[in-house]
Amino acid sequence: MLLWIILGGILAFILFVIGLIILFFPKQRKVGAILVGVGMVLMIASIVGVFLHFKQLDDVNNKVLNYSAGKSTSESGKKEAKTYQVNHKVNENNIELTVKTIKVEKKPVYSTMEQKEVPGSISLVLAVKNNGKEKLTTYPNQGTLEASKMEVDGGDVLLSEFDASTVEPGKTIEGTLVFPLEKLKSVASIHSVSLSWLSYFGSESDPVGTETGTIKLTK
């Protein structure tokens, strides 16, 4: 969303500049004045949109901090977790994905996407290698996780630790994706997972999909 707001602001500025240029031509001054007016309105709307976006993100972040501060340490006995060393690798569309570990955890966590507490989460340590010739762009919320008949559309941006978003040709980035689960009876109830990942090469607006296939979780 933020990317589209910024692009809209850039287009509005270009429209504004074109309008100013047209004002110098007497026969086209009316058109120029319209373009200047529209450009100014759109630029103001874009600036307001950016501020609102960051305010919303800050509000969600404050909710997470308040939630974390309010949790009692007496709940430690309710926690359950299992980490699987999978090292599952797939190479598709000049993108190499390696799922190194998968952690299933039954522990209350605040989902910033749902803006509420959920009973557990699945965390993946993921490495993304760019085998293409152009820069690759990707984000934690570009992934869709399927786990034992459950589907989570997008990793939680604030819970995940996936700082890098661009991968130069031949390079690799790595991070942890966290997918909050609204329904989780137990860690043992998750038998397999699969990840659908979206990325963008260069300036392309159409995403490239990479599928890990089913990754079975065994002891």
Side-chain angles (χ1 to χ4, degrees), residues 1-3 6 54 57 60-61 64-65 68 79-107 109-114 118 120-148 150-181 184 187 190-219:
M1 178 62 73
L2 180 60
L3 178 61
I6 294 174
F54 280 108
L57 185 63
V60 173
N61 196 29
V64 175
L65 292 175
S68 300
K79 299 176 183 178
E80 180 189 1
K82 176 69 176 180
T83 301
Y84 302 88
Q85 303 292 334
V86 294
N87 289 317
H88 181 87
K89 184 179 293 185
V90 58
N91 198 329
E92 187 179 9
N93 297 321
N94 290 322
I95 300 171
E96 183 180 290
L97 295 184
T98 304
V99 180
K100 296 187 174 182
T101 65
I102 297 175
K103 182 180 181 180
V104 183
E105 191 169 16
K106 185 170 176 57
K107 170 188 173 184
V109 63
Y110 188 89
S111 170
T112 58
M113 296 182 295
E114 300 295 334
V118 295
S121 62
I122 294 180
S123 303
L124 283 72
V125 175
L126 179 72
V128 183
K129 183 178 180 181
N130 181 2
N131 290 327
K133 296 181 180 179
E134 295 183 279
K135 180 178 66 176
L136 186 70
T137 304
T138 192
Y139 308 93
N141 60 354
Q142 298 290 337
T144 299
L145 183 78
E146 291 188 11
S148 299
M150 291 185 290
E151 182 175 305
V152 183
D153 187 15
D156 195 297
V157 176
L158 292 183
L159 296 177
S160 300
E161 296 180 1
F162 215 89
D163 298 332
S165 60
T166 58
V167 196
E168 297 296 333
K171 301 296 183 180
T172 302
I173 61 173
E174 182 177 317
T176 301
L177 304 174
V178 179
F179 295 87
L181 301 178
L184 179 63
V187 169
I190 305 298
H191 305 290
S192 64
V193 303
S194 63
L195 178 68
S196 299
W197 191 254
L198 297 180
S199 306
Y200 301 84
F201 274 113
S203 58
E204 292 293 327
S205 58
D206 293 328
V208 177
T210 309
E211 309 285 339
T212 65
T214 301
I215 305 174
K216 294 184 178 181
L217 304 180
T218 56
K219 295 181 180 180

Inset, instruction - Could you please spell out the steps behind the side chain to side chain contact (heavy atoms under 4.5 Å, CB included) verdict for Thr101 and Leu124? - result: CA-CA 6 Å; Thr101 65; Leu124 283 72; over 6 Å; no
Legend entry - Derivation of the side chain to side chain contact (heavy atoms under 4.5 Å, CB included) call for Ile173 and Phe162: CA-CA 9 Å; Ile173 61 173; Phe162 215 89; 3.7 Å; yes
Inset, instruction - Report the C-alpha distance between Ile190 and Tyr84 in whole Å, list the side-chain angles of each, state the deciding distance to 0.1 Å, and finish with yes or no for side chain to side chain contact (heavy atoms under 4.5 Å, CB included). - result: CA-CA 11 Å; Ile190 305 298; Tyr84 302 88; over 6 Å; no
Inset, instruction - Report the C-alpha distance between Leu181 and Ile122 in whole Å, list the side-chain angles of each, state the deciding distance to 0.1 Å, and finish with yes or no for side chain to side chain contact (heavy atoms under 4.5 Å, CB included). - result: CA-CA 7 Å; Leu181 301 178; Ile122 294 180; 3.6 Å; yes
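A 6.0 Å sphere centred on CD of Glu151 holds more than 12 heavy atoms belonging to other residues, nucleotides or ligands.
Taking CD of Glu134 as the start and CD of Glu168 as the end, the distance is 11.0 Å to the nearest 0.5 Å. Residue Leu195 holds its CG atom at 11.5 Å from OG1 of Thr214, rounded to the nearest 0.5 Å. Rounding to the nearest 0.5 Å gives a distance of 5.0 Å between NZ of Lys103 and OG1 of Thr83. To the nearest 0.5 Å, atoms CG (Leu177) and CD1 (Ile102) are separated by 10.5 Å. Note that CD of Glu146 is 4.5 Å distant from OG of Ser194, once rounded to the nearest 0.5 Å. We find the CD-CD distance between Glu105 and Glu80 to be 10.0 Å, quoted to the nearest 0.5 Å.
Pro169 and Gly132 get closest at one heavy-atom pair: CB-O, 3.3 Å. Across all their heavy atoms, Ser199 and Leu136 have their closest contact at CB-CD1, 3.5 Å. Considering all non-hydrogen atoms of both residues, Lys216 and Ser192 come closest at CA-CB, 4.0 Å. Ser123 approaches Thr176 most closely through the heavy-atom pair CB-CG2, 4.1 Å. Taking each heavy atom of Val178 and Ser160 in turn, the nearest pair found is N-OG, 3.0 Å.
Judged by distance alone, the side chain of Asn130 and the main-chain N or O of Val167 form a donor-acceptor pair under 3.5 Å. Put simply, the side chain of Lys106 gets close to the backbone of Leu184: a donor and an acceptor are under 3.5 Å apart. In this structure, the side chain of Glu92 engages the main chain of Glu211 through a donor-acceptor pair within 3.5 Å. At distances below 3.5 Å, at least one donor-acceptor pair connects side-chain atoms of Asp156 with backbone N or O atoms of Thr112.
With a 4.5 Å cut-off on side-chain heavy atoms, Leu159 and Pro180 count as touching.
If you run side chain to side chain donor-acceptor pair (under 3.5 Å) between Trp197 and each of Thr144, Thr212, Thr210, Thr138, only Thr138 comes through.
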